[in-house]
Amino acid sequence: MKSAHILVQLLFLSLRSAASAATGGDQFVYSGFSGTKLTADGTATVTSDGLLELTNGSTLLKGHAFHPSPLRFVRSPNGTVQSFSATFVFAILSVYTDLSAHGMAFIVARDRNFSAALAGQYLGLTDIQNNRNHSNHFFAVELDTIQNNELNDVNANHVGANVNGLISLQSHPAGYYDDNDGSFRNLTLISREAMQVWVDYDDKIAEITVTMAPLTMGRPVKPLFTGTYNLTTVVTDVAYVGFSSATGTINTRHYVLGWSFAMNGPAPVIDVAKLPKLPRVGPKPRSKVLEVVLPIATGTFVLAVGTIVILLLCRHRRYAEVREDWELEFGPHRFSYKDLFHATQGFEDKHLLGIGGFGRVYKGILAESKMEIAVKKVSHDSKQGIKEFVAEVVSIGRLQHRNLAPLLGYCRRRDELFLVYEYMPNGSVDKYLHSREDKLKLNWAQRWAIIKGIASCLVYLHEEWEKVVIHRDIKASNVLLDSDMNGRLGDFGLARLYDHGTDPHTTRVVGTMGYLAPELGHTSKATPLTDVFAFGIFILEVTCGQRPITPSSRDSQIILVDWILEQWNNGSLPDTVDKRLESNYNVDEACLALKLGMLCSHPFANARPTMRQVMQYLHGEMPLPEMTPTDLSFQMMAIMQNEGFDEFNMAYRSSTVSIGSKSAISVGR
Ligand SMILES: Nc1ncnc2c1ncn2[C@@H]1O[C@H](COP(=O)(O)OP(=O)(O)OP(=O)(O)O)[C@@H](O)[C@H]1O
Ligand SMILES: *[C@@H]1O[C@H](CO)[C@@H](O)[C@H](O)[C@H]1NC(C)=O
Ligand SMILES: *[C@@H]1O[C@H](CO)[C@@H](O)[C@H](O)[C@H]1NC(C)=O
Ligand SMILES: *[C@@H]1O[C@H](CO)[C@@H](O)[C@H](O)[C@H]1NC(C)=O
Ligand SMILES: *[C@@H]1O[C@H](CO)[C@@H](O)[C@H](O)[C@H]1NC(C)=O
Ligand SMILES: *[C@@H]1O[C@H](CO)[C@@H](O)[C@H](O)[C@H]1NC(C)=O
Ligand SMILES: *[C@@H]1O[C@H](CO)[C@@H](O)[C@H](O)[C@H]1NC(C)=O
Ligand SMILES: [Mg+2]
């Protein structure tokens, strides 16, 4: 009887929401998505409650959803893109209240195939080599919850308007201007609250307007920001509208609750009352019956006994951690959560050293030994592989080299893993290279010593230890400086081991854009030579004092390797050396560093030297093979002919590591 009643209700509900998708050629409104026919891919799906779930909590994945039919944005042939308006209600639910990854975007795109796009900071929209390529043909309004400096992000909680890529034309911290007093009010994208965004394009003045507000409020009069950009060059005559979203390494769900769109007029009003409910974060709610009956039946009991029990549990729960039998054998490397909690004064923000792609790093002092530590808080969402991971962490803990930042141990708690490193008082090399402050300077002798130190550490990891250790994330922020300003390689959170002479398993690509060897794009297989590639980029970054990729103007970025090759071609290689050194550096060493850096970051793995050879070059025990920029191109063409040539390398070379892309052409002619 009762279930029949519920069924009828359900049927009624879904009919109602299906009807809410209004018809009309160039406008629509979804107040909830039950019964609609969106085209979705990746992690995107419509839940049984009628929410559009773009990402489902799995990490490093992407999802897209589009209105089923394309819309005509240009009326007459060779005309301009017409005005349009969109509004949507969204919510971002991360397992953490203060950290989430990576974000979502409303998009107008030429096609719906984003299979080649990357997750993470690329939001499922494009990849590094095609970022801002004019043939992308998409317009996006991003809701971004992570700050990526290489993409010029203003902070880790902003809204931006983007064209063909991830570097915003215009962006603003999330929030709204109060209608009453005109003051700006912050909104937190990852607050788990539903919020509404309005996107308008006015074709008369080529103006993009973005406005946002909490769901409970109407549309504020003053927009969050406006930008001028003529979308006629971007949006194609016929284009799809929808959403894209991607996760990073943090378990996050991105939802759209309602959405409407109109061409040449205001977007229809979304019926807020009909919007589906967001799921609760945390354990699943019980069934309806239990939800009503249980509290009444047990209410009194819980009140009486519960209070006492909870008081006792609170103390215990505060320090609760996950320990399993198999971990006993790892003994001394296991820290207690309580010790780490006290060492960092409860992971206080004032002890935060920095935020990276995998979580936050805090400074702490161990109560007993008074030792200074750096604690990296990493979130992981599955038990799978954790045993292997911990086993690896522990064996990595046995590594000893004077240019390594020692990994002291780990701790595990619910879905968090803590990695404990020795604290390095002088921070990381990137701070020195890219800071404008005068006191944060590295002279040439220090830089040269850091390069040699890290090289010897990599020889140790690749060849001298009992197993081959591949670091996989060599970059300036992972090279730390101890009290004597010695370079020390840190961050073994990502390293994986394999036996000498065996093949590593294929795994997901990890690492950082700009330092990733091109072959990782199609094999995903980290090897010592992919480390050599990243090390080459590191040498260049240290010598030139510039990031591997520097966004320059609105539509372009300077690829460090490209720029050096160009200067080298013009016979002015030493001009690329960091201007902050003035002329206080050893020209021979600097030129050797530049050429070696170029050789190490050669797009073809087998043209790169091994770390042992790199050491010999650095110490002058072996002369660097004679090479000119033109030689590099000839070499590359030979390799292309011998090994066959795939599209990936072509695409990659032409934009990212284009050793020879320019010169190869000029040689050919
Ligand atoms: N052992 C340490 N001692 C002192 N500072 C550290 C230590 N480890 C990390 N840091 C600081 O914390 C910051 C954040 O480190 P984190 O490793 O999370 O980010 P990242 O290196 O930028 O990126 P990735 O996650 O790819 O390693 C670094 O920039 C560094 O300055
Ligand atoms: C999320 O979606 C992906 C791809 O559709 C799937 O492989 C994965 O198991 C899903 N994860 C969860 C937690 O549902
Ligand atoms: C549109 O532009 C193309 C190329 O710019 C031109 O060949 C064509 O004649 C134009 N069509 C109209 C209707 O103006
Ligand atoms: C999407 O594009 C990729 C290449 O980027 C291609 O391999 C794939 O076949 C395309 N898929 C569809 C459905 O067109
Ligand atoms: C832009 O993309 C197009 C099509 O995918 C490609 O042919 C072109 O080489 C790309 N341009 C750059 C600079 O990567
Ligand atoms: C908004 O956030 C910024 C940065 O987080 C902060 O500096 C500012 O004080 C906040 N403003 C208000 C009104 O809360
Ligand atoms: C936008 O560009 C198109 C084509 O280049 C042009 O016809 C149109 O006038 C431009 N719109 C504005 C507002 O400048
Ligand atoms: Mg790091």
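First listed ligand is number 1; within each ligand, the first listed atom is number 1. Quick caveat: nothing in here was measured; it's all calculated off a predicted structure. Note: hydrogens, waters and symmetry copies are ignored here, and every other heavy atom, side chains too, is used.
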Hey, are S428 and D430 close enough side-chain-wise for a donor-acceptor pair under 3.5 Å? yes
Min heavy-atom dist R360 to ligand 1 below 4.0 Å: no
Of all protein heavy atoms, the one nearest atom 5 (O) of ligand 2 is G42 O, 3.7 Å
Counting each atom of ligand 1 from 1 as listed, which ones have a heavy atom of A374 under 4.0 Å away? 1 (N), 2 (C), 3 (N), 7 (C)
With under 30° as parallel and over 60° as perpendicular, where do the rings of F604 and H602 fit, or are they tilted in between? tilted
Do the charged groups of E53 and R253 touch, with an N to O distance under 4.0 Å? yes
Contact atoms of ligand 1, heavy-atom distance to K376 under 4.0 Å: 16 (P), 17 (O), 18 (O), 25 (O), 27 (O)
Cation-pi check, K62 to F114: give yes when NZ or CZ is under 6.0 Å from the six-membered ring centre and within 45° of the ring axis, no otherwise. no
Find all atoms of ligand 1 within a distance of less than 4.0 Å from any non-hydrogen atom belonging to N478, and give their numbers and elements. 17 (O), 21 (O), 27 (O)
With heavy atoms of N130 as the reference, note each atom of ligand 5 found under 4.0 Å away. 1 (C), 2 (O)
Considering only heavy atoms of Y423, which atoms of ligand 1 have at least one such atom less than 4.0 Å away? 3 (N), 4 (C)
Going from OH on Y515 to CD on E541, what distance comes out if it is rounded to the nearest 0.5 angstrom? 3.5 Å
Atom 3 (C) of ligand 2 [closest protein heavy-atom partner, distance rounded to 0.1 Å]: N56 ND2, 3.6 Å
Measure the distances from the heavy atoms of K363 to every atom of ligand 1 and state whether one is below 4.0 angstrom. no
With heavy atoms of S135 as the reference, note each atom of ligand 5 found under 4.0 Å away. 1 (C), 2 (O), 3 (C), 4 (C)
Based purely on interatomic distance, does S58 place a nitrogen or oxygen under 3.5 Å from a nitrogen or oxygen of ligand 2? yes
